[in-house]
Amino acid sequence: MTKSFSLRKLKQRDWAIICIVLSIVAAILWYFYMYGPTQERIAQLESDITRLDADIRRGEDARRNLPNLRLAVAELEADRRDFLSQLPRESDIAGLIDALRASAQQSDVVVKSFSQGSAQESIQDVRPIGFNIDTQGTYTETMDYLARLEAMRRFAKVGRVSLDIEDNSSSDPNLNASFAFTVYVFTGSDPGEQ
């Protein structure tokens, strides 16, 4: 006894169950293959929109600020040219050494030795030259000479000061002093021409 399956023999209740099952399967497939990925894509696009809006705001702020930045760059470039024009030229080292000797005479300190040291800095269009000076004089004279070295701060930097007291019983004792400092000279083309 074989019963053959026929769609005509299905009752209304069977058709309703089949329709419900197919609807549920279709809903599950739609949810996993269309709705879920679409929601993920929407969330990704909203995240991209938020990020791009922030980028647009930054870009618009930068565009509004661009004239101020150009003005600031021009001012900094003018300041740089002004600063470089005030540095001594590399060919003026003899004059610098003579000025250091004259400062020592004005301070009444005796220059015991003068030597070129080393400077390891690297600055575009500027050459640092290290010097060491050993002097002898009273405390007052030595401090006056140090003040004169520091007054050259536009183009010189005192790196080390070493003091040795000869006689500690005096209120103005004699000192043996050693100064290490760097002088910066301009090596580039005329900064006013740029």
Side-chain angles (χ1 to χ4, degrees), residues 54-55 57-194:
D55 289 347
R57 280 193 302 277
R58 276 197 302 274
E60 287 172 350
D61 290 345
R63 184 176 36 159
R64 281 191 299 272
N65 201 23
L66 188 60
N68 294 337
L69 291 174
R70 285 185 177 146
L71 180 63
V73 167
E75 288 173 358
L76 289 173
E77 188 60 34
D79 289 346
R80 178 182 176 275
R81 281 194 305 271
D82 181 50
F83 174 77
L84 291 177
S85 69
Q86 293 180 29
L87 289 179
R89 306 287 284 163
E90 193 171 20
S91 59
D92 296 337
I93 292 181
L96 286 173
I97 293 171
D98 192 45
L100 292 170
R101 184 192 55 76
S103 293
Q105 282 181 337
Q106 292 170 355
S107 298
D108 292 328
V109 296
V110 175
V111 176
K112 292 172 35 180
S113 71
F114 186 89
S115 61
Q116 184 173 347
S118 64
Q120 301 300 322
E121 298 175 76
S122 176
I123 304 168
Q124 180 182 353
D125 294 334
V126 176
R127 178 177 169 214
I129 303 172
F131 288 105
N132 295 309
I133 298 178
D134 294 327
T135 64
Q136 183 177 31
T138 64
Y139 176 80
T140 305
E141 294 165 347
T142 302
M143 290 301 111
D144 182 59
Y145 186 59
L146 177 59
R148 290 176 191 272
L149 286 178
E150 289 174 338
M152 297 170 52
R153 66 188 158 160
R154 188 67 168 162
F155 57 87
K157 176 175 73 173
V158 177
R160 180 184 52 82
V161 177
S162 174
L163 303 174
D164 183 33
I165 299 175
E166 287 182 3
D167 179 17
N168 199 13
S169 62
S170 171
S171 63
D172 195 14
N174 277 332
L175 297 176
N176 290 319
S178 177
F179 304 98
F181 62 98
T182 304
V183 173
Y184 298 92
V185 294
F186 183 62
T187 59
S189 59
D190 184 2
E193 294 175 357
Q194 297 175 358

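- Closest of all the heavy-atom pairs between Ser107 and Arg148 is OG-NE, 2.9 Å.
- Put simply, the side chain of Glu60 never gets that close to the backbone of Arg57: no donor and acceptor are under 3.5 Å apart.
- Asn176 and Lys112 get closest at one heavy-atom pair: OD1-NZ, 3.2 Å.
- Here the CZ-CD distance, from Arg70 to Glu75, works out to 14.5 Å after rounding to the nearest 0.5 Å.
- Of the inter-residue distances, the one linking Thr142 atom OG1 with Leu175 atom CG reads 4.5 Å to the nearest 0.5 angstrom.
- For the pair Phe131 and Val183, the minimum side-chain heavy-atom distance is below 4.5 Å.
- To the nearest 0.5 angstrom, Asp79 atom CG is 9.5 Å from Glu77 atom CD.
- Residues Ser178 and Asp134 come closest through the heavy atom pair OG-OD1, 2.9 Å.
- For CZ of Arg160, the number of neighbouring non-hydrogen atoms (other residues, nucleotides, ligands) closer than 6.0 Å is greater than 12.
- Taking every heavy atom of both residues into account, Leu163 and Met143 meet most closely at CD1-CE, 3.8 Å.
- Under 4.0 Å is where a charged nitrogen must lie from a carboxylate oxygen, and between Asp55 and Arg58 at least one such pair does.
- Separation of atoms CG (Asn132) and OG (Ser113) is listed at 8.0 Å; rounding is to 0.5 Å.
- The distance from the CG atom of Asn65 to the CG atom of Leu71 is 10.5 Å, given to the nearest 0.5 Å.
- Here the straight-line distance linking atom CD1 of Ile97 with atom CD1 of Ile129 works out to 8.0 Å at 0.5 Å rounding.
- Taking all atoms of both residues into account, the shortest heavy-atom contact from Ile133 to Leu100 is CD1-CD1, 4.2 Å.
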* To do: Could you walk me through whether Phe179 and Tyr145 pass ring-ring contact (aromatic ring centres under 6.0 Å, His included), step by step?
  => CA-CA 10 Å; Phe179 304 98; Tyr145 186 59; 5.7 Å; yes

